[in-house]
Enquirer: 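Take a look at the following structure, please.
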There are 2 protein chains.
Amino acid sequence: MATIKDVAKLAGVALSTASYALNDNPRISEATKQRVLDAAKALNYQKNGFASDLKRTKTNTIALILSDLSGPYYSDLIRGVQDVCTSNGYDFIACSSIGGDQSTAIKFLKEKRVDGAIILAHNISDETCISYARKDFPLVVLDRKLQHDFIYHVEVDNVHGGYIAANHLIEKGHKDIAYISGPTNSFDNKQRFKGYQQALREHELVHQSKWNFVGNFTKEGGYRATKLLVAQRNLPTAIFFANDEMAIGGVRALQEQKYNVPRDISIIGFDDIELSEYLPPGLTTIKQPKYEAGALSVHLIFQVLAGGDVDNYYRLSTEFIERNSVKKLASKNE
Amino acid sequence: MATIKDVAKLAGVALSTASYALNDNPRISEATKQRVLDAAKALNYQKNGFASDLKRTKTNTIALILSDLSGPYYSDLIRGVQDVCTSNGYDFIACSSIGGDQSTAIKFLKEKRVDGAIILAHNISDETCISYARKDFPLVVLDRKLQHDFIYHVEVDNVHGGYIAANHLIEKGHKDIAYISGPTNSFDNKQRFKGYQQALREHELVHQSKWNFVGNFTKEGGYRATKLLVAQRNLPTAIFFANDEMAIGGVRALQEQKYNVPRDISIIGFDDIELSEYLPPGLTTIKQPKYEAGALSVHLIFQVLAGGDVDNYYRLSTEFIERNSVKKLASKNE
DNA sequence: CTGTTAGCGCATTCAC
DNA sequence: GTGAATGCGCTAACAG
């Protein structure tokens, strides 16, 4: 592997001249620059990124840390992050936090291999986040609330989203509404549940614990939870799945028992993943501004890096997406 | 940010002693090692990854380069790569190649910021791959065929997969089989189509071009292609979607026209993405060994890096997954 | 405009 | 065991 030294030698210039030429510094004449470039090409020279980063003590890249790189949910988030990074000339990498505090993701955090990071990974502890955030290393968290000067929060209004969802069901005449929840320790899940309860309370409905199952935010979990729900007979008229993935599993369970959605039972989801539109009969859901969340997060990092004074806390609003999975109940016996 | 120098000073030892202690070199006594470790903790010392990599001229990380980080298809592949990396003490990052040859992914390749890479990204040119592969920088490609000593190939047997799919349909009595294709320049798509044609030929069936639509491997594309197919009346009895994502869109299009799968029309997909099981009525499909492909890829990289002599070419076989989207045609008028 | 030089932070000889 | 010294490849100040 050729180094800049070789290039300089071949071009017959000083090492620094080669460096300047390669970095497009105006102090170098066109002629010599060209000579250096030619030499570089001839030697198939590629700069060593580490050496360069080491010297400049900045990496020009942002990391997005996800607990699982492959969830459908992340698609838009990634795009948002990526777009803003790219348009600011920054690079972007995604790291999985599988392995928790031992993972590659953490290595990147603690060894400062990136200039800033966005975290949406339940298996990374709060302490870890707190211990690595610094002035020149801002962190944006999407899934928790932390007290730290250089940790920034971007969250979507999950409480309100949960409220809208439950409220919609109620307005359609539903009174018996089950809640299939995400992991009980999930911040997002708690918020959605809070909104759900609030809507119920406002309509003087009570949440029955027999209609509360944990589905862990996965298809499989949603499937199992729904099966349990069905098994205990005495079905509710509607189910609120705390995310769309669980709703997908739920629809399958329902279908296996020959229940038709929405004829026999109404369902509503949360997230509006790409697939919800395609899930028969079209899943009514609450849309999260995922792209915006990603874009805003990077934006904040850049501002902090640029020395700007930025707020630590942002909340994005959700949007109601009506499709065909909720039926209006005819008789509202009030 | 504390450096190793600070740690040495606080511990009252030489810089090298601190380095040895931190790296667990046996020449250091337990006592001094402990002192160094304490100092490091006290200063919240974290080594600078770049400096370390620079010195050791290896990064201990493997990159997976994907054209889109978020497809459902990639989930298993990522797990495969990740598992093998982790169990070999390597780190792993995923890069998107959005931006093609200007992307972050390419930066990592050319600046040698990783020790090896796995590529599944149609928007990276063959030339790029060829120009960066070297003995100490092996590349594994999953989506093309290249002639280079240090480029390794892992492919799944798409031809056979296509053959199995079409054959299954034929055995169930279908003779009029549409093919919804991926991007026409896709290597995988071509292979699948070849298998499909082969099965048809063996049964003396002819592929009718009016039943061939391009769906570009996306849900949306599958939806549109299927709509076109339906619009031209005179429906085939079965559709072979060149991947599951398109089948998802297809089911939606069919459903909108009140066609029931499989009662009115049979469909079969390709890939066996996680969702296929959940897509009513359960999508019959061809499973790709994605996890295995990822695992094998990393494995190869490690072998090359270790100086082993490895073959350049591997082919993994596909598996037929029967669910409920194909109906047996009663009358086989032969 | 060009060349010399001093590190970036760390790992690693090689004497002691 | 320890510590001084060297250099990984590059950038950027500084002096010419």
Side-chain angles (χ1 to χ4, degrees), chain A residues 1-40 43-61 107-115 134 136-137, chain B residues 1-37 39-40 43-61 107-108 110-115 134 136-137:
Chain A
M1 209 58 206
T3 74
I4 196 171
K5 235 178 195 159
D6 304 318
V7 175
K9 196 187 297 175
L10 181 63
V13 298
L15 192 141
S16 64
T17 308
S19 174
Y20 285 131
L22 259 7
N23 290 306
D24 248 353
N25 188 307
R27 65 163 58 177
I28 304 294
S29 73
E30 263 313 314
T32 40
K33 185 193 286 182
Q34 199 49 53
R35 233 179 37 235
V36 172
L37 260 31
D38 288 346
L43 293 169
N44 194 17
Y45 165 78
Q46 300 295 348
K47 84 165 165 193
N48 181 317
F50 296 126
S52 161
D53 287 344
L54 175 58
K55 180 66 193 175
R56 309 188 332 186
T57 58
K58 73 172 292 208
T59 68
N60 231 266
T61 112
K107 170 172 160 184
F108 273 71
L109 286 191
K110 75 176 179 200
E111 296 182 1
K112 195 164 176 358
R113 286 168 186 274
V114 290
D115 290 348
R134 293 193 303 280
D136 61 342
F137 192 45
Chain B
M1 207 59 208
T3 74
I4 196 170
K5 236 178 195 158
D6 304 318
V7 174
K9 196 187 297 175
L10 182 62
V13 298
L15 190 145
S16 64
T17 308
S19 173
Y20 283 133
L22 257 10
N23 291 304
D24 248 353
N25 189 305
R27 65 164 58 177
I28 305 295
S29 72
E30 263 315 313
T32 39
K33 185 193 287 181
Q34 199 49 55
R35 233 180 35 237
V36 172
L37 259 31
L43 292 170
N44 193 17
Y45 164 78
Q46 300 297 347
K47 83 164 165 196
N48 180 314
F50 297 126
S52 166
D53 287 344
L54 176 58
K55 180 68 193 174
R56 308 189 331 189
T57 59
K58 73 173 290 204
T59 67
N60 231 265
T61 112
K107 170 171 158 184
F108 273 71
K110 75 175 180 200
E111 296 181 1
K112 195 165 177 357
R113 286 168 185 274
V114 290
D115 290 348
R134 292 193 304 279
D136 61 342
F137 192 46

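Atom set for the values below is all heavy atoms of this structure, side chains included, hydrogens, waters and symmetry mates excluded. Throughout, a chain's letter reflects where its sequence line sits, starting with A, and its residues are numbered from 1.
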Enquirer: Rounded to whole angstroms, how far apart are CZ on Arg113(A) and C1' on dC10(C)?
Expert: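 The distance from CZ of Arg113(A) to C1' of dC10(C) comes to 12 Å, rounded to the nearest Å.
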
Enquirer: Taking only Lys NZ, Arg NE, NH1 and NH2, and the carboxylate oxygens of Asp or Glu, determine whether Arg113(A) and Asp53(B) approach each other closer than 4.0 Å.
Expert: yes

Enquirer: To the nearest Å, how far apart are Asp53(B) CG and dC8(C) C1'?
Expert: 14 Å

Enquirer: Applying side chain to side chain donor-acceptor pair (under 3.5 Å), can you list everything that pairs with Lys47(B), at least two apart in sequence or on another chain?
Expert: none

Enquirer: Which heavy-atom pair separates Leu22(A) from Ala40(A) by the least distance, and what is that distance?
Expert: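 Between these two residues, the closest heavy atoms are CD1-CB, 4.3 Å.
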
Enquirer: Would you mind building the protein contact string for nucleotides 8-15 of chain D? One character per nucleotide, 5' to 3', B for base within reach (heavy atoms under 4.0 Å), S for sugar-phosphate only, - for untouched.
Expert: BBBBBBB-

Enquirer: I need the CZ-C1' distance between Arg35(B) and dG1(D), as an integer number of Å.
Expert: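 For the pair Arg35(B) CZ and dG1(D) C1', the rounded distance is 12 Å.
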
Enquirer: Side chains of Thr61(B) and Asp115(B): does their closest heavy-atom pair fall under 4.5 Å?
Expert: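 No - every pair of side-chain heavy atoms lies 4.5 Å or more apart.
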
Enquirer: With sequence neighbours left out, write down each residue that passes ring-ring contact (aromatic ring centres under 6.0 Å, His included) with Phe50(A), or none if nothing qualifies.
Expert: Phe50(B)

